[in-house]
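Reading through the structure tokens given below for one structure.
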Amino acid sequence: MCGRFTLRANPAELVEIFELTRLPEISPRYNIAPTQPVLVVRLDRGFRVPSLLRWGLVPHWAKDLSIGARAINARSETVHEKPMFRQAFERRRCLIPADGYYEWIPGEEGGKRQPLFHHLADDRPFAFAGLWDSWDSLEGETVETCTILTTTPNDVVAQFHDRMPVILPEDHWTTWLSSSESSGADIRGLLVPADPTGWKITPVGFAVNRATCEGPVCLSVPSNTPQTPPGQFNFDA
DNA sequence: CCAGACGTTGTT
DNA sequence: GTCTGG
DNA sequence: CCAGACGTTGTT
DNA sequence: GTCTGG
């Protein structure tokens, strides 16, 4: 799963890391939520072009946008055969830059679920494996949308969750974006759990729960509320 | 044939 | 409980 | 993902 | 659009 994430990096840094054709028009984000605009990287005539797409894939045949709210993730195990994702998987793959993501675990004593922040120790941006589609309303408005692929967790994430987003290593970005007639198996082979090396997992406060909450406060841990000792969740794999 | 679904995660 | 909105 | 609504008629 | 269920 992956229902919230961060992208705090500045546009120039993203141009360098993802080899973009131009600066993406974004501000630092600490709480990117479903239905909001998401930065995606797509291949256009051989160039990596940044765009902002609505999060939650809406297939071209949908009657309205509402189906997208339940299509923020796509299972990598079945994405090649599901009617909703198959064509996008074959022809409309993208990278979704991020530099952290949130997952929730059951709270103690039946309390509220506890958000955990997953990120690289140096906070370097990484890339989710994504798909996109284009939808036209009856009024003729075109809306481009995207989804993030999920897979089984690696050994570290498995302590907390049954699923994790597909995070592509940099040397697979070009293959994922390519529209060449590479066999589906080649592409599917990229959809594996990320190596946990270099990742950290930290509990954060409940501010992030509110989709409209934005800014560094989303990563803060209220000192007045006792939290589970952070050490229990810190991994330097 | 037509009608209806088409998706994911976790369920405190 | 289930759906919609962000 | 979580938060918040979830309904109708008629109008302060 | 495409697939499944009846």
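Keep in mind it's a predicted model, so treat the numbers as computed, not measured. Chain letters run A, B, ... following the sequence lines, proteins first and then strands; every chain starts at 1. Just the heavy atoms: all of them, side chains too, but no hydrogens, waters or symmetry mates, feed the values below.
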Base, sugar-phosphate or nothing for [X]? Non-hydrogen atoms, less than 4.0 Å.
X: A:Gly107; answer: nothing
X: A:Arg4; answer: base
X: A:Thr35; answer: base
X: A:Ala62; answer: nothing
X: A:Thr147; answer: nothing
X: A:Phe85; answer: sugar-phosphate
X: A:Ile72; answer: base
X: A:Trp104; answer: sugar-phosphate

In whole angstrom, give me the gap between the [atom1] atoms of [N] and [M].
N: B:dC6; M: C:dT4; atom1: P; value: 14 Å
N: C:dT2; M: D:dT9; atom1: P; value: 26 Å
N: B:dT11; M: D:dC2; atom1: P; value: 8 Å
N: B:dG10; M: D:dC1; atom1: C1'; value: 11 Å
N: B:dA3; M: D:dT12; atom1: P; value: 47 Å

Please report, rounded to the nearest Å, how far the [atom2] atom of [N] is from the [atom1] atom of [X].
X: A:Phe89; N: E:dT2; atom1: CZ; atom2: C1'; answer: 18 Å
X: A:Asn31; N: D:dA3; atom1: CG; atom2: P; answer: 11 Å
X: A:Phe160; N: B:dT9; atom1: CZ; atom2: P; answer: 19 Å
X: A:Leu65; N: C:dT4; atom1: CG; atom2: P; answer: 12 Å
X: A:Glu103; N: B:dT11; atom1: CD; atom2: P; answer: 12 Å
X: A:Asn209; N: C:dG5; atom1: CG; atom2: C1'; answer: 16 Å
X: A:Asn73; N: D:dC1; atom1: CG; atom2: P; answer: 8 Å
X: A:Arg86; N: E:dT4; atom1: CZ; atom2: P; answer: 11 Å

So if I take every side-chain heavy atom of [X] and compare against [options], which nucleotide ends up nearest?
X: A:Thr150; options: B:dG10, B:dC6, B:dT9; answer: B:dT9
X: A:Pro83; options: B:dG10, B:dC6, C:dG6; answer: B:dC6
X: A:Met84; options: B:dC6, E:dG1, B:dG10; answer: B:dC6
X: A:Arg210; options: E:dG1, C:dG6, D:dA3; answer: D:dA3

Distance only, no hydrogens: is a donor on one side chain within 3.5 Å (strictly under) of an acceptor on the other, for [X] and [Y]?
X: A:Asp136; Y: A:Thr142; value: yes
X: A:Thr35; Y: A:Arg54; value: no
X: A:Asn73; Y: A:Thr150; value: no

(message) Applying the Watson-Crick and G-U wobble criteria at under 3.5 Å, what pairs with E:dT2? Answer none if nothing qualifies.
(response) B:dA5
(message) Rounded to the nearest 0.5 Å, what separates atom CG in A:Asn209 from atom OH in A:Tyr102?
(response) 10.5 Å
(message) Parallel, tilted or perpendicular, judged at 30° and 60°: which one describes the rings of A:Tyr101 and A:Phe128?
(response) perpendicular
(message) Between A:Arg163 and A:Gly111, which residue's closest nucleotide on DNA chain B lies nearer the 5′ terminus?
(response) A:Arg163
(message) I'd like to know if A:Glu13 and A:Arg8 make a salt bridge, using a cut-off of under 4.0 Å between side-chain N and carboxylate O.
(response) no
(message) Taking CD in A:Glu25 as the centre, count heavy atoms belonging to other residues, nucleotides or ligands within less than 6.0 Å. Is the count above 12?
(response) no
